Protein chains: 2
Amino acid sequence: MNKKSVSRLSHYRKVLLRLNELGFDRIFSDTLGEEAGVTAAQVRKDFSIFGISGNKRGGYIIADLIARLDDILKKRTVTRVIIVGAGNLGKALMHYPGFRRDSIEISAVFDIDPTKISRKADVPVLPLEEVGEFIAAHGIDIAIIAVPDVAAQRVFDILQRAGIRGILNFTTMTFKDNEDVVVNNVYLQFELENLIYFTAEKPA
Amino acid sequence: MNKKSVSRLSHYRKVLLRLNELGFDRIFSDTLGEEAGVTAAQVRKDFSIFGISGNKRGGYIIADLIARLDDILKKRTVTRVIIVGAGNLGKALMHYPGFRRDSIEISAVFDIDPTKISRKADVPVLPLEEVGEFIAAHGIDIAIIAVPDVAAQRVFDILQRAGIRGILNFTTMTFKDNEDVVVNNVYLQFELENLIYFTAEKPA
DNA sequence: TAGATTGTTAATCGATTAACAATC
DNA sequence: TAGATTGTTAATCGATTAACAATC
């Protein structure tokens, strides 16, 4: 229902995996909230939205909760994702350990620079021209855009035409909202500028 | 006043720099909103919060707007930032072109792995033990945490003790809110999981 | 002047939190 | 049973949008 509550489910899941590893079996909404940085009411509300229930008085069974969240967040099957842009950021994301561990696989990276192509690598780096073909052949739904701003719109158009349904955008460009494509933006630079603003001492 | 509106100011600024480059001098709230992906009312409201005014009927003069935003966002002086964690992500952020271009300088990167240290590099990679000393010597206020989750709390404690005032956190750990430290979280994995959720076809 | 756009106030919308009845 | 915690509804809070008077 709510975009933010889905991301919080991811966060709860991460906390629960850690607690599970530490040998805990049960948890209460207030403990889970504390670990995830939200209120107990928020936790229960989020669970209620997705029909997740616990035991009055007994809290939640961690293993059951993880199983339920795995279903909701599609963790039972591997989701294949591609990256466009084999620069520093694209390459870092290619090997991001948090993805593989949680059923997200980077299937390939695409770039226009011929010197960056390496078809035989663990995660292949392929020419951008092949992206449509690859998407169709591998049934890819989600792409990460990690190219310079100037190339963003062109890449977006290509991906959209290729039938991509979701995009994680690391550029500062905005794309016209489209029925068929969901775009989540990660504005790294703006996050840092935000921090600069809020940590600057206010002039007296 | 509002956290999100500060980030939108960054976004407006980015759009304006681009339009300025293209030779435009004036802009209206609806055009700027469209470029930044928000409504015209949002643009005017944000400007109103920060006391930015334009001309009834004549819109805004782009150069003036950029100057005003540069002041608010502290773009007149270079802000020095450090990164903790010289893994793939830390190294990618070290060379992120968007930072330098907008008066953000990565002064140094810190890591516990001795094989990663390189004191003579363009951006030096130093042992984590030296971080407190470095922060004090260079008057650093802001740090980026790009370490594995297990190390996050320890790094946070060290940074807090060293007097850091703002943290951009790339781990999935949450830190207890503190009067003295502002924390912005970038949950890369959760953003992707969010996309997976919203692009998955709903079961019939 | 007529027309268009800002700046701000009021209305709406949505998300978070508080509160408490249900119940284990 | 008494006590504690869930699940949900209602209250609150905050942010976005609509509307329109001011004015260039």
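Predicted model, so just to flag it, every value in this text is computed and none were measured. Throughout, a chain's letter reflects where its sequence line sits, starting with A, and its residues are numbered from 1.
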Can you measure from CD1 (B:Ile167) to CG (B:Asn169) and round to the nearest 0.5 angstrom?
7.5 Å
Non-neighbouring partners of A:Phe28 that pass ring-ring contact (aromatic ring centres under 6.0 Å, His included), sequence neighbours left out:
none
Can we say B:Lys74 and A:Glu193 salt-bridge, meaning some charged N sits less than 4.0 Å from an Asp/Glu carboxylate O?
no
Report yes if at least one side-chain N or O of A:Asn2 is closer than 4.0 Å to OP1 or OP2 of C:dA15; otherwise report no.
yes
Could you tell me how far apart B:Arg57 (CZ) and C:dT5 (C1') are, to the nearest whole angstrom?
8 Å
When we call it a touch if two heavy atoms are under 4.0 Å apart, what does B:Arg26 touch: a base, just sugar-phosphate, or nothing?
nothing
From the options B:Val182, B:Val186, B:Val81, select the one residue that forms a side-chain contact (heavy atoms from CB on, under 4.5 Å) with B:Leu168.
B:Val186
Can you tabulate the close N/O pairs, meaning under 3.5 Å, that link protein atoms to atoms of nucleotides 17-19 of chain D?
{"unit_1": "D:dT17", "atom_1": "OP2", "unit_2": "B:Thr39", "atom_2": "OG1", "d": "3.2"}
{"unit_1": "D:dA19", "atom_1": "N6", "unit_2": "B:Arg44", "atom_2": "NH2", "d": "3.4"}

Run the ring-ring contact (aromatic ring centres under 6.0 Å, His included) test against B:Phe190 and tell me which residues pass, sequence neighbours left out.
A:His11, B:Tyr187
Does B:His138 have any ring-ring contact (aromatic ring centres under 6.0 Å, His included) partners at least two apart in sequence or in another chain, and if so, which?
B:Phe134
Scan residues 59-69 of chain A against DNA chain D and write down, sorted by residue number, each residue with any heavy atom closer than 4.0 Å; if none is found, say none.
A:Gly59, A:Tyr60
Grab the CD1-C1' distance between B:Ile27 and C:dT6 for me, whole Å please.
14 Å
Show me the pairs that pass salt bridge (charged side-chain N to carboxylate O under 4.0 Å, His left out) and involve residues 45-63 of chain B, at least two apart or across chains.
B:Arg8-B:Asp46
ring-ring contact (aromatic ring centres under 6.0 Å, His included) pairs touching residues 63-97 of chain A, sequence neighbours excluded, are A:Tyr96-A:Phe99
Pair assignment for DNA chain C - dot-bracket with | for other-strand partners, Watson-Crick or G-U under 3.5 Å
..||||||||||||||||||||||
For B:Arg13, is there an ion pair with B:Asp70 - N to carboxylate O distance below 4.0 angstrom?
yes
To the nearest angstrom, how far is B:Ile49 atom CD1 from D:dA15 atom P?
8 Å
Per the ring-ring contact (aromatic ring centres under 6.0 Å, His included) rule, what does the pair list look like for residues 146-174 of chain A, sequence neighbours excluded?
A:Phe156-A:Phe175
Quick one: side chains of residues 141-149 of chain A, donor-acceptor pairs under 3.5 Å with protein atoms, not counting sequence neighbours, listed by atom name and distance.
{"unit_1": "A:Asp149", "atom_1": "OD1", "unit_2": "A:Thr172", "atom_2": "N", "d": "3.1"}
{"unit_1": "A:Asp149", "atom_1": "OD2", "unit_2": "A:Thr172", "atom_2": "OG1", "d": "2.4"}

Extract all donor-acceptor atom pairs below 3.5 Å that involve side chains of residues 58-65 of chain B and protein atoms in other chains or at least two apart in sequence.
none

What are the two closest non-hydrogen atoms of B:Thr171 and B:Ala152, and how far apart are they?
OG1-CB, 3.6 Å
Which of residues 28-37 of chain B have a heavy atom under 4.0 Å from DNA chain C?
B:Phe28, B:Ser29
